[in-house]
Amino acid sequence: NPSLRAATDRWLAAQNAALKSSDIYLILPQGMTIAASNYNSEVSFVGQNFSYRPYFIDAMRGHPARFYGVGTTSGVRGYFFSAPVRDAEGAITAVVAVKIGVDRIEDAWRGGDYQVMVTDPDGTAFLASDPAWLYHSLNPLTPDRMARTEASRRYADTPLAEFPPHTLERAGVTLLRLPQSGAVGGTRDFIAASQNMPEAGWRVHVLLDSAEALSQARMDYVENARIAGFGRVGIMLREVLPNVLPSIAALLSLEMGIAV
């Protein structure tokens with residue numbers, strides 16, 4: 001029914017504007033997108049098949065789902081939420097998916113004393129205050145791991161790379177050496193504190209720059225605090241991560257509204 005499809009497209013566009021999301025779209029059980037908020041754009045999802053995406057597969061099994069990835073149609077990063085659409089008898093007749101952009105989260109992290117990086121369950125950075133870290137992995141890119149990534153097309157056609165050997169010791173403190181644009185030698189050393197987000201399967205890393213002239217004073221502060229019984233990780237978990245996690249949690253909390 002062309003009239004119904006057109007009306008659905010317009011309604012999805014209105015809902016997308018109200019939510020300030022990136023895209024909202026409706027997928028049939030075979031994986032074909034039948035309506036989308038971006039129906040009138042050059043990168044419309046209408047007619048695209050997303051049957052390979054985990055968020056579609058999980059929703060077709062009857063469960064709300066979420067998934068981070070690079071859009072295979074748009075090439076734009078996003079966080080995807082999905083839920084099954086049921087008829088009066090409870091049968092699943094479609095999947096509704098919502099894509100949320102992530103750029104504003106990264107923008108909020110830039111310019112502070114600390115850097116932030118978020119890695120997926122396999123250790124690949126997909127959110128970062130430094131763009132040079134994106135799509136680099138803290139863990140080896142084994143054949144099995146690459147096969148999983150390619151099957152879901154999580155990063156579309158974006159090539160992945162491993163961070164070079166990245167841990168070292170200095171003044172009794174373990175540092176993480178990462179590439180950074182504009183840094184001498186192309187790398188910079190960081191004191192790192194990390195925390196898991198179990199529900200999403202992510203790991204958040206907060207990084208304190210240790211390469212500049214002020215770094216020794218900061219490391220002395222960390223060392224003194226450790227002697228006092230706080231520990232370098234405890235300091236960053238107590239003082240820094242609480243300011244970072246809410247912005248990520250806000251992204252995840254959208255799931256509640258989408259499920260409704």
Side-chain angles (χ1 to χ4, degrees), residues 1-107 120-121 126-127 148-158 199-202 247-260:
N1 188 326
S3 297
L4 179 58
R5 290 189 183 186
T8 304
D9 283 333
R10 292 192 297 270
W11 185 82
L12 290 175
Q15 298 305 308
N16 190 57
L19 282 174
K20 297 182 179 179
S21 49
S22 178
D23 305 287
I24 305 178
Y25 43 111
L26 190 66
I27 310 171
L28 294 177
Q30 296 76 23
M32 190 66 65
T33 305
I34 192 173
S37 60
N38 61 6
Y39 69 96
N40 206 26
S41 74
E42 294 181 358
V43 290
S44 171
F45 294 169
V46 176
Q48 298 293 321
N49 192 301
F50 296 116
S51 59
Y52 55 88
R53 285 295 209 184
Y55 64 81
F56 171 79
I57 295 170
D58 288 344
M60 283 301 300
R61 291 171 177 165
H63 310 293
R66 52 195 180 193
F67 177 78
Y68 170 84
V70 175
T72 54
T73 300
S74 65
V76 176
R77 294 179 300 150
Y79 197 55
F80 300 81
F81 297 94
S82 65
V85 178
R86 300 179 184 273
D87 61 18
E89 284 72 39
I92 298 174
T93 59
V95 169
V96 61
V98 181
K99 180 180 179 181
I100 308 294
V102 297
D103 290 344
R104 284 181 293 178
I105 293 177
E106 291 176 325
D107 290 342
D120 69 14
F126 65 89
L127 291 176
R148 289 197 305 272
T149 300
E150 290 170 6
S152 66
R153 300 211 65 197
R154 180 186 293 275
Y155 298 110
D157 298 321
T158 305
E199 290 187 7
W202 300 350
S247 63
I248 304 173
L251 176 65
L252 299 179
S253 70
L254 289 173
E255 180 181 18
M256 295 178 62
I258 292 166
V260 173

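Predicted model, so just to flag it, every value in this text is computed and none were measured. One is the number of the first residue; the rest follow in order along the sequence.
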Nearest 0.5 Å, please: how far is [atom2] in [Y] from [atom1] in [X]?
| X | Y | atom1 | atom2 | value |
| --- | --- | --- | --- | --- |
| Leu4 | Trp11 | CG | CH2 | 12.0 Å |
| Lys99 | Thr73 | NZ | OG1 | 8.5 Å |
| Ser22 | Asn16 | OG | CG | 7.0 Å |
| Thr72 | Tyr52 | OG1 | OH | 3.0 Å |
| Asn40 | Arg10 | CG | CZ | 11.0 Å |

When you look at Val98 and Phe80, which way does the side chain to side chain contact (heavy atoms under 4.5 Å, CB included) test go after all the steps? CA-CA 6 Å; Val98 181; Phe80 300 81; over 6 Å; no
Would you please classify the geometry between the Phe45 ring and the Phe50 ring as parallel, tilted or perpendicular, with 30° and 60° separating the classes? perpendicular
Regarding [X] and [Y], is there a side-chain donor-to-acceptor distance under 3.5 Å anywhere?
| X | Y | value |
| --- | --- | --- |
| Tyr155 | Asp120 | yes |
| Thr8 | Tyr39 | no |
| Asp87 | Thr93 | no |

Closest non-hydrogen contact found for Ala97 with Ile27 is CB-CD1, 4.4 Å
Heavy-atom closest pair, residues Pro84 and Pro64: CD-N, 4.2 Å
Is the closest side-chain heavy-atom distance between [X] and [Y] below 4.5 Å?
| X | Y | result |
| --- | --- | --- |
| Phe56 | Ser82 | no |
| Ile24 | Leu19 | yes |
| Met60 | Pro29 | yes |
| Leu127 | Glu106 | yes |
| Tyr25 | Gln48 | no |
| Arg5 | Ile34 | yes |
| Val85 | Leu26 | yes |
| Gln30 | Asn49 | no |

Taking [Y]'s backbone N and O only, do any of them form a donor-acceptor pair with [X]'s side chain (distance below 3.5 Å, no angle check)?
| X | Y | value |
| --- | --- | --- |
| Arg53 | Ser152 | yes |
| Asp9 | Ala36 | yes |
| Thr33 | Ala35 | no |

Tyr68 six-ring face occupied by Arg77 cation (under 6.0 Å, within 45°):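 No, cation not above the ring by the 6.0 Å, 45° rule.
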